[in-house]
Amino acid sequence: MTTPFPFVAGTVLTAAKLNDITNLPLNDQVASYTALVGDAGKRIVMNVASANTVTINNSIFTVGDTLEVLNKGAGATTITAGAGVTLNGLSLVLSQYQGASITFLSASVALVFPTGGSVKTPRITAFSASGTFTPAAGVTYAVSYIRAAGGGTGAGAGAGGNSSVAFAGGTITATGGVADTTASNYGFAGAANSGNGAIGRDSGSTAAVNTLGQNGSFVVAGNTVTPAVGITVTVGAGGTAGTSGAAGGSGYVYIETFE
């Protein structure tokens, strides 16, 4: 049954219609859409194969108005604020089978709450060498685990390289370890993708540590990303070995998203 909403003067409400009051009318769309005043109390259902938007413009809705946006299609739906509008919510991008409820606090300010849908699962992307990370459709935030490279040992040894992630909101960098350039007779290299500094020893001892390259720093930080737009990931190279020394271990980067 179709609920006679919004009600108008002279509407006759039967028991069946009153029992059906929670069935909000659907507004099906197959392309990007701008919400209209008549969408108050409705569910806007987006069924679009590619990325699309639902735009909320200023002074269309009033205090207390609510509407829902549901994404049925494969393309991510972005709830977009028009000029002068503030939309407060953790995520304004809906993957397929996700939804959001919009409640207006004024003609220009609204709260956006998720209404359920598909469960997001964590995904870890590991980088043992520099490369490009491309967020999936609908992903707007990621957490990075960044280890810089360790420093080398021996006369003339090099520092470990920095590791970094060039997020949309700014680049996050872990600093490479400092080299120990004290002369040594032989050394032990840091393991690949460990970020460990090299160890150096003198020729008369197999126990005492005489030189030690510094480990690369470790940074955990989150930042914004743009769905389907690649960002640069840099994995620092281990610090070079000096004379009779050893090289530091290279770094690594893990990026965690929820999809």
If you round to the nearest 0.5 Å, how far is [atom2] of [Y] from [atom1] of [X]?
X: Y33; Y: I56; atom1: OH; atom2: CD1; answer: 9.0 Å
X: N57; Y: T80; atom1: CG; atom2: OG1; answer: 10.0 Å
X: Q29; Y: D39; atom1: CD; atom2: CG; answer: 7.5 Å
X: K72; Y: Q96; atom1: NZ; atom2: CD; answer: 10.0 Å
X: T103; Y: N88; atom1: OG1; atom2: CG; answer: 11.5 Å
X: L70; Y: S101; atom1: CG; atom2: OG; answer: 9.5 Å

### Task
Please test R123 against T257 for side chain to side chain contact (heavy atoms under 4.5 Å, CB included), starting from the C-alpha separation and ending with a verdict.
CA-CA 5 Å; R123 176 191 178 202; T257 55; 3.9 Å; yes
Taking [Y]'s backbone N and O only, do any of them form a donor-acceptor pair with [X]'s side chain (distance below 3.5 Å, no angle check)?
X: D180; Y: L212; result: yes
X: N47; Y: V30; result: no
X: S130; Y: V235; result: yes
X: S250; Y: G238; result: no
X: S163; Y: G236; result: yes
X: N196; Y: N215; result: no
X: N193; Y: G251; result: yes

Examine [X] and [Y] and state if one hydrophobic cluster contains both, with Ile, Leu, Val, Met, Phe, Trp and Tyr joined whenever side-chain heavy atoms are less than 4.5 Å apart.
X: V63; Y: V37; result: no
X: V48; Y: L26; result: no
X: L92; Y: L94; result: yes
X: V93; Y: L111; result: no
X: I199; Y: V178; result: no

Quick check: closest heavy atoms across [X] and [Y], and the distance to 0.1 Å?
X: A142; Y: V225; value: CB-CG1, 4.2 Å
X: Y145; Y: E256; value: OH-OE1, 2.9 Å
X: G170; Y: N223; value: O-ND2, 3.9 Å
X: F104; Y: A110; value: CD2-CB, 3.7 Å
X: A179; Y: A157; value: CB-O, 3.7 Å
X: A100; Y: I79; value: CB-CD1, 3.8 Å

### Query
Heavy-atom distance under 4.5 Å between the side chains of I146 and T173, does that happen here?
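No - every pair of side-chain heavy atoms lies 4.5 Å or more apart.
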#### Entry: Contact check, side chains of P227 and V139, non-hydrogen atoms, under 4.5 Å
no
## Note on the structure
Those residues at least two apart in sequence (or on a different chain) that pass side chain to side chain contact (heavy atoms under 4.5 Å, CB included) with A198 are T153, A246
### Message
I'd like to check the side chain to side chain contact (heavy atoms under 4.5 Å, CB included) partners of S59; sequence neighbours left out, ordered by chain and number.
### Response
A107
### Task
For N52 and S32, run side-chain hydrogen bond (donor to acceptor under 3.5 Å, both in side chains): C-alpha distance rounded to whole Å, both residues' side-chain angles, the deciding distance at 0.1 Å, then the answer.
CA-CA 5 Å; N52 58 90; S32 292; 5.3 Å; no
### Criterion side-chain contact (heavy atoms from CB on, under 4.5 Å) against V165, the qualifying member of V219, T234, V253
V253
### Query
Going through the distances and angles, do I102 and F61 end up as a side chain to side chain contact (heavy atoms under 4.5 Å, CB included)?
CA-CA 11 Å; I102 306 175; F61 302 100; over 6 Å; no
### Query
What orientation do F127 and F133 show, parallel under 30°, tilted 30 to 60°, or perpendicular over 60°?
perpendicular
